[in-house]
*Asks:* 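Please find one structure pasted underneath; my questions will follow.
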Amino acid sequence: MNFLIMNIPLNITSTIHDWIYSIMPETAASITIMVLIAVIYLALFAIIGLYLVLLERKVAAWFQLRLGPNRVGPWGIFQTIADALKLVSKELTSNDRIDKFLYNLAPYFVIVSTLIGISVFPFSKQFQAFDINIGLFFLFAVSSIGVIGILVGGWASNNKFALIGAMRSGLQTISYELSVGLSLLTMVLLTGTLQLSEIIEVQRTGGWLILQGHIPAIIAFMIFMIAGTAETNRAPFDLVEAESELGAGFHTEYSGMKFAYFFLAEFINMFIIASIAVVVFFGGWLSPFGITDGITWFPEVLWFLIKVVMIIILMMWFRWTFPRLRVDQLLTLEWKYLLPINLANLMFMAVIIWMNWTI
Amino acid sequence: MGSEAIIVFFLAAVVLVVGANFLSNLISHKSDNPQKREPYECGVPTIGPTWIQFNVGYYLFAILFLIFDVEVAFLIPWAVVFKEVGTVALVEIIVFIFILGLGLLYAYKKRALRWE
Amino acid sequence: MADQELETKIKTEEYFVNMGPQHPAAHGVLRLLLTIDGEIIKNVEPDLGYIHRSIEKMCERDSYQQIVHLTDRMDYLSSNINNEAVCLAVEKALEIEVSDRVKVIRTIISELTRIASHCLWWGVMGMDLGALTTYFYAFRDREYINDIFEETCGARLTMNYNAPGGLMFDIHPNFVKRTKDFIKHFKTKIPEYDRLVTGNVIFQKRTKGVGVLTKEDAISYGVTGPVARGSGLSSDVRKLHPYSAYDRVDFKEALLTAGDTFARYEVRIMELWESISIIEQLIDNIPEGEIKATTKAVIKLPKGEYYQRVEAARGELGVYINSTGTKNPYRVKFRSPGFSNLSVLNHITKGSKIADLVATMASFDFVIPDIDR
Amino acid sequence: MKNEDLQNIINGLGENLEFSTEESEFLNVLVPKEQLHTICSQLKSNKDLKFDYAFCITGMDWGKELGVIYHLNSTEFKHEIVVKVKTEDRENPTLDSVHDIWQTAEFHELEIYDFFGIKFNNHPKLRRLFLTPDWEGFPLRKDYVDEANMIIK
Amino acid sequence: MEAILFYILAALIIIFAVASVTSRKILRAVIYLLFVLISIAGLYFLINYNLLAAIQLTVYAGGVIVLFIFSVLLVHHVELELEKTPLKRKIIAGILSLLGLGITLWSIFTYTFKTATTTYSSIEVRDIGLKLLSYGDGGYILPFEVISVLLVAVMIGAIIVAKGEKLKEN
Amino acid sequence: MGVEKKRFLNQFEADGLKQVVPEDFPGKVIPGGNGGNFVVTTLDSVINWGRSNSLWPLYFGTSCCAIEMMQTGAPRHDFSRFGFEVARPSARQADLIIIAGTIVNKMGPVLRRLYDQMAEPKYVIAMGACAISGGPFYYNSYSVIKGADHVIPVDVYIPGCPPRPEALLEGMIMLQQKIKTENMSHKVNPIDGFDEGKV
Amino acid sequence: MSYFSDIYNGVKSLITGMKVTGGYFIHARKGAITQQYPDNRETLKMFDRFRGEVVMPHDENNQHRCTGCQSCEIACPNGSIEIIWDRAIDPETGKKKKKIDKHIYHLSMCTMCGLCIEACPTDAIVWAQNYENSVYDRSYLTKTLNQPGSTVQAGVED
Amino acid sequence: MIAGINIYEILTLTSILFFIGLYGFFTRENLITVLLSIELILNASALNFVLINTYLYPDLLQGAIFTIFIIALAAAETALAIAIIINLYKLIYSVEVKDTETMKY
Ligand code: SF4
Ligand code: SF4
Ligand code: SF4
């Protein structure tokens, strides 16, 4: 397994690298570097999260003929920083009859599981913390435990709305996880590998997978988008915190930082889903038609981020357009439509590959 | 060289997240009163037992999910080697999914996938 | 835990949930005490009075001019229609015949109020069902109406524009132009509403067959307004007991028979079109005439009982005034449309899910101060 | 149908009914409180009357008596009457509930109980609807005084 | 460094396992079990059986534990505590377990394992996949198919158990 | 019709013009400016900046004023420009109650409870005549609380019936200004001693 | 087959909806009708009938038109106006005459109904169009409309 | 293979885990917690499979594949067990082991 220490072709990185190795014994140095990476990623995480929140608010405003935050700093770019500061300095409340341990645990659970998820993405060829050989499956595995945080948090709050919200959340996440997994599997058939960097390499020669895979790839993408939106508990699948039904849903009792964790995790989850989509369907950091392949200095990260933002805006578009589903409709959608279609699509794809119909 | 980087990353994440929360606890302004310590429910006290028993629908879905989850876990190695193995894999998976599909059909017929 | 204890604790699979008074779907401050099993609603018990402002008692000590401004605050979304109801009652009692101009202006403004109210309802209904954008589109269009109101009446919401005997003052010179502009604008927006919400598959799945109210129940529960018309009960006061200028305009009563949430939705959308057509028929030829019939400074109604009804945005609003001949009414009762509509809620949401309750409530379009008074 | 015709039909339904059309646009029927329920159910079931729609139910304090005014309408024939019922007992006023005839009455009777303290026999659940359960007195009665909450102008 | 991580994980496993079997709050017990499972997944990561680790996380942490949580949510309440086990039983069980542990450890430590000398490389998903799909020697294609039958059997069984009488109605 | 009037940008500027409150004026009167006399440190100013720019309101519209509050959120006035649009349905996560509408006796305890359940720091805006003093329902009404500040301490009062959206925005801006003068170490909870009548 | 046509129609309706919002998204800047309050404070004019607050205009001699007749106080439905009046000897006629001492106006209670202005026989009070009245302390909202030392304009009779 | 750790340490760990599970199995009063203990036992054995595979026969994959099957079986078993427990609960409103004895009659 490769462990790339962010080989950004900058001297400063290697200088730091050398310097750390020079002043410490090897083990300590490697630990330090890992911690450094972790810290950098966490900072990245926070920034991505905060700016996604801002993006969401801006995009929502544009859908709704408004301007959105624009007073705190130029174009409102410090708006979410202010929110973060506020949330940090906000009191943490709880009620008397909760299960203290679980109540406090839940937000960490949610946020740490998303944090781990973000660490495996290849933002560019060099910019990847871990290139784990089961990349996709790892993401799938990690995202499947995030829901436990919601379930536990909702239960431990000793609040009826929170419990109903948690129940719904559990039901919804586990249902749609299958579709996420199966639609990704459909694409894995094409690549023959789970490693994210290799998945991208495959697309360098053969074109983006969504084109390589004909109709089944498009179906898989659609299913993935639907299921991914549901996985992140966003509208039209936001039954977990359906405001008009459950008030604030599972995080009714949380305030301040703990609430912020849930809030951030939702956005990071969205980022993760969008990133998966980009890697698996749209060629990751590869430029479209290789237009910037010749330019060595061009930051490939940019392509990755542009594509991710496009997908995220698509998800926001869903959110600001559609009404919310009802619980039983949600389940019908998954178990009656998505899952069978997905299984059929998987076999369809298998047949296509077997017959060598791919481009 | 193992994947310990992930574990270290995990530990670092936990420490940082908990640390941030601790910091927040430190600088936040606090107040206390008896009402604050009660569950929030639209501004009125909760009525009746907070015991909630849900109907069977919920966990049946969890069971079905578990089963399909195992299936996905088995499909992953299959998917990875599908191109190499070819025909055997195709036949194999058709049988596999067919059998599971029967199960799904059964569940559908028995209205286990209908939530009432 | 001992067995019996456990049993008594758990045998009740049902539990209570408070929805409201502070709840996003409570349309203000309605409190519903829900008995729920899983997510299925077993019983809905409304608890009112979180905005009970004792308007009826206050009316007993106010002069008739002063009552008018209180009615603004009852169903604030159809404030002008409420004003009109009181003024019509007083005029009926005093046997004042207001000029045609007043009648037409009243009608136009009432219809504008109805449009504004339905706009808000449309936005909020979308919001309750989770489509948040509807709220913004609807409020954009409301803003135009508010401008019209503000220019003419001086206030955006609680206009207090009617007075017993006529209007407070004449319409603003810009009124006609602004109204026409608005109509032109709004005519392009309703189809957009339809595209955004009405045809949406999720919306239809959420509303069709949900909260079905049969005609018999509608009659027995005294349901009025769009809710009744969605169930096939013809109850449009504008048709049955025309007042102001409604007898001289041509419009259809929106009537559907399905009785579900979607039918109620459709009825209101149809009413938007009808209101537009009413305004279009009137706006071009507002007759000249007195703006206010002279009344005494202190109005005293002759002894007797007076009942006046109008079609507010939510249904039939009845004003019952019992006068003993003094300057204050002896008893005033507002028969608010929301109150009887609310009483049917439990009946039709039993056995449905929480989400259905929200959808049904949204289609009832409650304004709680109107129910509580 | 004309008020006179209505009066003739209704007169046959019970005894001691008082009719008047003065001071009101409707035909007023004053029903003795013992007969309220029977007359109301006949008003609804009589095939010529069919008063199936109670559009307004008003509590009333006439000073001496308390009572209820029912505004009734027939969705089929479109005719309307007003039924009044009075009770002189101010301490413990009791009337029959008509919620089994017009279900809308269930809520209106709650309101009347809340404001006037008139109890309704057979009402499924008589409770304070608008006011807090421990509210003292019945505010819409004429003799209601509440110095704590009410500032008289 | 791997050794340190191993010790950390081992400590976590044992601590949380003990917590899991002694906690009197049922959902906490489940969460402790979850920690044990995650730590075991960590061990798998440590020996580079990444696929196993991921399966452990998906099926165990994401599936079984969620199912456990659901059942706890159904039958328990946050304020409810489990019944105390009689001390006598605890002691007996404790002694028995310790005894068993002693015997096992004794037998392990008296046996010399022939630790393999071949250099060890991490396992790729491919290898496992190929193994699962081969029907020659050491191939697992039959169990692979049988698993699907097992899964269907469980599915049907669960539905029958869960639906009970309701099944007969329709 | 109509006369332009000077607007007092800073309320303290207007002190000279303050009128004597009539003896029998109903209700407790809460003086403004909580902790405004202390020196604001750097950390404070950073946190105050965060707090003042991120006021998340709680849904608390009871009657007519709520419509104007909604209107303020709507495209024309759009309070999201200031970052106020994140309305939280749960009191735990909100910073601000905008009391938009009449508070009646039955609602009083609910309002108090909501306020109590909010996490610190918390602010209150009374919007409209009803929330300030009972407004149109001041006299003769047996069930209206004569001003929300009988129940919870109010930071900013916005008169009007209903106030225009701009007025609400102005009130919120004034609240921001007030927050900016706060000092953490000297902050007194406005609720302390409130019930005993100490203000 | 309805299974597939359901899917097709459903997706189609969803896309129709997305077109509407998408259209607005693309024209985001153009469609927005947002006013930039408070930046537009200077240019933001209320309609001339706007009811902001009741004021009593004074002329340059610090004179107003209020005779203290109390019509407004009576007309006001919720007691927002309190008139404290006095009797003073009219220097011209030598008769005792009613005059206002203080015209107290509770902006905190006023519902902007306009009845007082309708009722005033001398048009002494009018609507102001200021809408920015927020205060930190509600006692600021009780105002005395007549300025200190002001007198009644000559010739104003009720 | 984990650098610096020999097979004895690992086997000690798995045995401890196994017996903790066993202890729980004997002492627990609640069906769900009993099931939890069973999971512990199963995990201990699965871990054993993998580790012995790694340490003794690194060129074979049997251990790993068996572990996958064990996990699948464990999932299946849990699913059924939970279904039964919840059904039991609906019948007698308890999931205590001792209460299940009433079922006999
Ligand atoms: S102040 Fe006026 S607009 Fe606001 S709630 Fe009170 S009556 Fe309604
Ligand atoms: S506008 Fe109305 S409420 Fe205000 S002072 Fe004049 S009469 Fe009174
Ligand atoms: S303001 Fe007008 S009505 Fe009021 S006291 Fe003065 S003159 Fe009379």
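Keep in mind that what you see is a predicted model, and the values were worked out from it rather than measured. Within every chain, numbering begins at 1; the chains are lettered A, B, ... in the order of the sequence lines, protein sequences first and strands thereafter.
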*Asks:* Between Q79(A) and chain F, with a heavy-atom cut-off of 4.5 Å, which part of the residue counts as in contact: side chain, backbone, both or neither?
*Replies:*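 Only the side chain of Q79(A) comes within 4.5 Å of chain F.
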*Asks:* Identify, with sequence neighbours excluded, every residue that meets ring-ring contact (aromatic ring centres under 6.0 Å, His included) alongside F101(A).
*Replies:*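 In terms of ring-ring contact (aromatic ring centres under 6.0 Å, His included), with neighbours along the sequence ignored, F101(A) is linked to Y32(E).
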*Asks:* Would you indicate whether the side-chain heavy atoms of N233(A) and E266(A) approach each other to under 4.5 Å?
*Replies:*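 Sidechains of N233(A) and E266(A): no contact.
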*Asks:* Ring centroids only, cut at 6.0 angstrom: are F263(A) and F259(A) within range, meaning strictly under it?
*Replies:* yes
*Asks:* Indicate yes or no: at least one non-hydrogen side-chain atom of F250(A) is less than 4.5 angstrom from one of S157(A).
*Replies:* no
*Asks:* Taking only residues two or more places apart in sequence, or in another chain, which ones meet S255(A) in a side chain to side chain contact (heavy atoms under 4.5 Å, CB included)?
*Replies:* T93(A), R92(F), A119(F)
*Asks:* Counting N and O atoms only, with roles assigned by atom type, does the side chain of K86(A) sit under 3.5 Å from a partner on the main chain of S54(F), one being a donor and the other an acceptor?
*Replies:* yes
*Asks:* Counting a contact as any heavy-atom pair under 4.5 Å apart, which residues of residues 102-109 of chain A contact chain F?
*Replies:*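 When heavy atoms of chain F are the reference, residues 102-109 of chain A contributes no residue within the under-4.5 Å range.
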*Asks:* Name the option with the most non-hydrogen atom pairs under 4.5 Å to chain F; the candidates are A260(A), A84(A), P69(A), A60(A).
*Replies:*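 Of the candidates given, the most pairs with chain F belong to P69(A).
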*Asks:* Can you list the residues that meet the ring-ring contact (aromatic ring centres under 6.0 Å, His included) rule with F318(A), with sequence neighbours excluded?
*Replies:* F322(A)
*Asks:* Heavy-atom distance under 4.5 Å to chain F: side chain of L92(A), backbone, both or neither?
*Replies:* neither
